[in-house]
Amino acid sequence: MQFDDLIKSMNQDIYERLVQAVETGKWPDGNRLTDEQRENSIQLVMAYQARYASTEEAFTIGANGEIITKTKRQLKEQFKTDSGEQIARFKLDQQEGEL
């Protein structure tokens with residue numbers, strides 16, 4: 001099977017399992033990924049994301065294989081509420097150095 005055919009045959013469930021395996025270093029059954037499995041899984045995740053997954057992450061892989069980053073302004077706009085207000089703002093207590 002060719003790499004492109006493999007990507008086309010993947011569904012969202014397989015993609016999410018591969019993402020989880022790459023993040024945790026383990027398959028869903030608890031077995032550890034080998035270095036080769038991890039490298040291959042990362043490639044599959046990136047290729048699938050580039051073709052099919054629309055995500056609102058700050059860093060993604062575009063359809064052309066390049067890394068796409070969002071600016072601080074784009075992220076602020078993305079996380080504004082419908083009323084245009086910010087979700088939360090925290091202030092550092094200057095005297096105690098705590099929130």
Note to self: Tell me every residue that passes side chain to side chain contact (heavy atoms under 4.5 Å, CB included) with Asp4, counting only those two or more places apart in sequence or in another chain.
What the structure shows: Arg51
Margin query: Quiz question: by atom type and distance under 3.5 Å, do the side chains of Gln12 and Glu16 form a donor-acceptor pair?
Written below: yes
Checklist line | Test side chain to side chain contact (heavy atoms under 4.5 Å, CB included) applied to Gln37 - qualifying residues, sequence neighbours left out | finding: Trp27, Leu33, Thr34
Checklist line | Nearest-0.5 Å distance that lies between atom CE in Met46 and atom CD in Gln43 | finding: 8.0 Å
Margin query: Among residues at least two apart in sequence or on other chains, which ones pass side chain to side chain contact (heavy atoms under 4.5 Å, CB included) with Asp35?
Written below: none
Notebook entry, point to check: Mind checking whether Val45 and Ile42 have side chains closer than 4.5 Å, heavy atoms only?
Noted result: no
Check: Which value, rounded to the nearest 0.5 Å, describes the distance between Arg38 atom CZ and Leu18 atom CG?
Finding: 12.0 Å
Check: Do Asn11 and Asp13 get their side chains close enough for a donor-acceptor pair, meaning under 3.5 Å?
Finding: no
Next item on the list: Could you please spell out the steps behind the side chain to side chain contact (heavy atoms under 4.5 Å, CB included) verdict for Val19 and Val22?
Entry: CA-CA 5 Å; Val19 169; Val22 168; 5.9 Å; no
Margin query: Would you say that Leu44 contacts Tyr15 through its side chain, given a criterion of any heavy-atom pair below 4.5 Å between the two side chains?
Written below: no
